[in-house]
Student: 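The structure under discussion is supplied below as C-alpha cells; questions concerning it will follow.
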Amino acid sequence: MPNSRYDKLTASQKEAVFHREGPLLVIAGPGSGKTRVITYRIAALIESGVSPHNICAITFTNKAAEEMRQRAISLGASGGAHISTFHSLCVRILRRYGADAGINPNFSIYDDSDQSGCMKQAIKDCELDTTNFSPARMLDAISALKNRLIDAETFEKEAEDFFSRMLAKIYIHYQGILTERNAMDFDDLLMKTATLLQNNSDVCRQLGERFRFLLVDEYQDTNHAQYRIARTIVSGHNNICVTGDPDQSIYRWRGADIRNILAFEKDWPDATVVRLEENFRSSANILKAADKLISFNRNRKEKKLIPVKPAGKDIAAAGFEDELEESEAVAREVKELIDEGTSPRDIAVFYRVNAMSRVLEEAFIKNKIPYQIVRGVEFYGRKEVRDMLAYLKVVVNPDDKTALLRIINNPARGIGKTTIDKISEYADSQKISFYEALKKASHIVSLSEATKAKQAVFISMIEQFKKDAGGKVAPLMERVFAESGLAESLKGEQNAIENVSEMISAAAQYDQQTEEPSLSDYLQQISLFSDVDSYDTNNERTALMTLHCAKGLEFENVFIVGVEEGLLPHEKTDTNDADDLEEERRLFFVGITRAKSSLHISYARYRTIRGQLMRTVPSQFLYELGIDFAEHSRQNNYSYDETDDAEITAPFAAGQLVRHKSFGTGVVKEFVDMGENSVVVVRFNTGQTKTLMVKYAGLSKMQDNAKGMH
DNA sequence: CATAGCCGCCTTTTT
DNA sequence: GGCGGCTATG
C-alpha cells in the first residue's frame, strides 16, 4: 500500500510512479516534476519489494545523479540502487567485464585536449596535413561514427570516396594510438560497452539480471550507442522506463538522436505512455512566451504547457548599446533583487557561449554581488591540474604516452626533445612501449651518460610512486606533488597551488566515501566529472552559466543575455538547416522555461567578439516571442511589457542590416540601382566587404535598432 | 637543452 | 583575445 508521501502527486504522476512491469515512456514538459517522478518511482519499487540492487537509474550529469541519490535516500530508499550517468555505468561495466574483450581495467580516459593530441599524431602518421584534415573535424567525424557503433575496420571497408578513405585511414591510426596507450575517449566508453554487450551474451544476461529495472532520464538526449546499451540490458525483461521531452533536446551536435524518444513506442510496442503536461514551475506569462517560441519549430510533436501558477510578471526585454552596458544593467537589476530580499542563489544568468561570462563577471565584481561561474571543464583544464593528473595516470597506466610526454620534462629535468625522439625510436625498433624503452635507456647507445642518469632518476621516482599506489589516493597525491618537483616549480603561484590543494581535498573525500579506494578508479571517475557537477546549489551566490548547463535546473529569476543573431542562434549553426536552427530555438526554450517567476531577456547592439567590435542584430527568436524590443532600444533598461511583432521594412539603403546565407550578417555600404541588375555593396561582420548582385545574393533585410556608428 | 618572444590559429554548446 | 607551437637566442 502506498503511503501518504505520494498524496501530493497528480494522477498522471502517480500513474508513472506506480507503473509496475514493462516499458514506460514518460513524456514530460519542463517543470512537470519529471525528476521527482523518477525518484518516487525508485522509492515505490523498493517499497513494493524490489531490491535496490536491482535498480539502475541513468541521469544526464553526475550532479543530477548525486541529487537523485540523496532524494531517493530521503524518501526512505536506503541507497544501493545504481544511479549514475551512462558514461560512469560504462566504466563500471568495462572494468568488471571487459577482460574477456581484452580491456585492461587501468585504461586512461582521454578528454578533448588529449584526443586532439592523438589526432594530430594520427594525421601526421598518415602523412596528411592538418590544413585539409583539421583535427577537430576529423574528431567530430570519428565521434559520429563511434556513436553509430561503426568501428575503424568496418568503416574502412565501406569507405569509397577519397575523403572517406582518408578518414578511414586516420580513424585506424587514431584508434591504434589510443589502444597502444591503453586509453579510451568518451565515445569509446559507450561503443566498447555496447559492443561488449552485443557480443557477449553472458555479460548481457548477467547485467539484465542485475538491473531488473532500468530508468533513463533525459532520454531525448541519448545517442545511438546509449540506446543500444539500454536496449540490450533490458532485452530479457523490458522493464525500461524513460523520461524526456523532445522540445528540450539540445545535444544533437554531440550525437544525441531525438528519434530514440520519438520511436520508443515502435521499439517497445506494448509501452505505456504517460504525459506530464502540467507545469508547476513557471508563471503563466513565462509559459506563454515559451510556448509561442517553440511553436515555430515545425519538426515536433504538439505538446501542451498547462500552467498551474498565475500569470505573474511580464517578461522584461531590453536592448543595450554594447555588452558592457548589458552586463552593468544585469548586475544592477540583480543587485536590486537582492536588496529587495531575494537570495542570490535564486537568480541565474544564462548565455550562449562561455566567453560571454567574463564581462558579466567583471560587472558582478564591481557591484559586489556574490556569484559563481558554472563552467564546463575549466578546473580540469588548468595546467597544474592536468600536470598532477598526468603523473597519476602514468603511475596507474605506464602505457599512457600522452600523460608521460606531458610530465617527462615537467618540471624541467633535462630530458628534451632530442632525447625523447631517440627513446621513441628505440621503443619502435624494439616493439616495446615508450615507458619500457625509458626503463631500458641504458641500452640506447646514442644517449650520453648524463642523459641516461637523468632518466634513471625519473624512472625510479615513478616506480617508487607505483609501489605506494595501493589504497588511499590523497596521501599519494601529496607525495607526487612534493617529490615530482611540481610544488617547487609552482612556488609563488598561489592560485595554482590552491587548485592542487583543492584536488587533494577532493581526493581525500573520495578516500573517505569509497569502500575500496583505488587510484585507477579515482582517475576514471574524475575524468567523467566536470565543473558543472560541482555547482553548489546551497551557496548564497548567483549562478552564471551557459544555456546548455542550465538544463534540468530552475531559478526564481532568470536573465538571458546576448539574444542576438550570431549568438542565439549561434553563427556556427547553419540557419538554412531547419534542424540546426530548431535546436537553437529549443536551447532558448530550455533557458526560458528555467524561470519560475521573473524572466529578463536582453541583447546588445554592438559586441566585441574576439577583440573586434561588431555590430549585431537582435535574434529572430525575439520576433517570434512577440517582444517589441524596438520600443526599448533607446532606453537602456529593462521594461515590462509585451506588444506586437516589430515590422521589417525599407529597401536596400546604406546602413541597412542584411543577412546572407553564407557570409552572415552585414551592413549595406552602397546600393547601385540598375533595375533588375541592381548591385549592393555589403560589409559583413566577418570583416570582408562584398559586391553582390541583388537578384542572386538572396539577402534578407533585418531590423535595425542601432544608432549610427560614426 | 631552456627560455623568451612571436606568430598564427581558433573560438559553440559537454559527457 | 588567448593559447599552443615554433623559432631564435643564450
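Computed from heavy atoms alone, side chains included, the values below leave out hydrogens, waters and symmetry copies. In what follows, every chain begins at residue 1, and chains take the letters A, B, ... in the order their sequences are listed.
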Student: What's the CD1-C1' distance between A:Ile420 and C:dG5, to the nearest Å?
Tutor: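 Rounding to the nearest Å, CD1 of A:Ile420 and C1' of C:dG5 are 15 Å apart.
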
Student: Identify which nucleotide among C:dG5, B:dT14, B:dT13 has an atom closest to any side-chain atom of A:Val353, counting heavy atoms from C-beta outward.
Tutor: B:dT13

Student: Within this structure, what is the NZ-to-C1' distance between A:Lys383 and C:dG2, rounded to whole angstrom?
Tutor: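 Spelled out: NZ on A:Lys383 to C1' on C:dG2 is 16 Å.
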
Student: Any ion pair linking A:Glu328 and A:Lys366 (charged N to carboxylate O, less than 4.0 Å)?
Tutor: yes

Student: Nearest to the side chain of A:Arg352, heavy atoms from C-beta on, is which of B:dT14, B:dT13, C:dG5?
Tutor: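 For the A:Arg352 side chain, the nearest candidate turns out to be B:dT13.
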
Student: Looking at B:dC1, I'd like to know if its phosphate oxygens (OP1 or OP2) sit under 4.0 Å from a side-chain N or O belonging to A:Thr418.
Tutor: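 Yes, such a contact exists.
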
Student: Please tell me if A:Thr61 has a side-chain N or O lying less than 4.0 Å from either OP1 or OP2 of B:dT14.
Tutor: no

Student: Can you measure A:Glu583 atom CD to B:dT12 atom P for me and round it to whole angstrom units?
Tutor: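 Going from A:Glu583 (CD) to B:dT12 (P), I get 15 Å.
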
Student: Check the phosphate of B:dT15 against A:Asn223, side-chain N and O only, distance under 4.0 Å to OP1 or OP2. Yes or no?
Tutor: no

Student: Taking ring-ring contact (aromatic ring centres under 6.0 Å, His included) as the criterion, tell me which of A:Phe588, A:Tyr251, A:Tyr351 meets it with A:His548.
Tutor: A:Tyr251

Student: Parallel, tilted or perpendicular for A:Phe559 and A:His600, by the 30°/60° rule?
Tutor: parallel

Student: Starting from C1' on B:dT15, measure out to NZ on A:Lys63 and report it in whole angstrom.
Tutor: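 To the nearest whole Å, that distance equals 16 Å.
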
Student: Is the shortest side-chain N/O distance from A:Lys551 to OP1 or OP2 of B:dT13 below 4.0 Å?
Tutor: no

Student: Are A:Asp185 and A:Lys146 close enough that some pair of their side-chain heavy atoms sits under 4.5 Å apart?
Tutor: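 SC-SC contact between A:Asp185 and A:Lys146 confirmed.
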
Student: Check the side chains of A:Asp125 and A:Tyr174 for a donor-acceptor pair under 3.5 angstrom, ignoring hydrogens and angles.
Tutor: no

Student: For A:Asp140 and B:dT15, give me the distance from atom CG to atom C1', rounded to whole Å.
Tutor: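 Value for this atom pair: 15 Å.
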
Student: Can you measure A:Ile408 atom CD1 to B:dC1 atom C1' for me and round it to whole angstrom units?
Tutor: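 Taking atom C1' of B:dC1 as the reference, CD1 of A:Ile408 is at 14 Å.
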
Student: Rounded to whole angstroms, how far apart are CD1 on A:Ile415 and C1' on B:dC1?
Tutor: 12 Å

Student: Would you say A:Asn354 places a side-chain N or O within less than 4.0 Å of OP1 or OP2 belonging to B:dT13?
Tutor: yes

Student: Write down the distance between NE2 (A:His548) and C1' (B:dT13), rounded to a whole number of angstrom.
Tutor: 4 Å

Student: Measuring to OP1 and OP2 of B:dC1, would you say a side-chain N or O of A:Thr419 lies under 4.0 angstrom away?
Tutor: yes

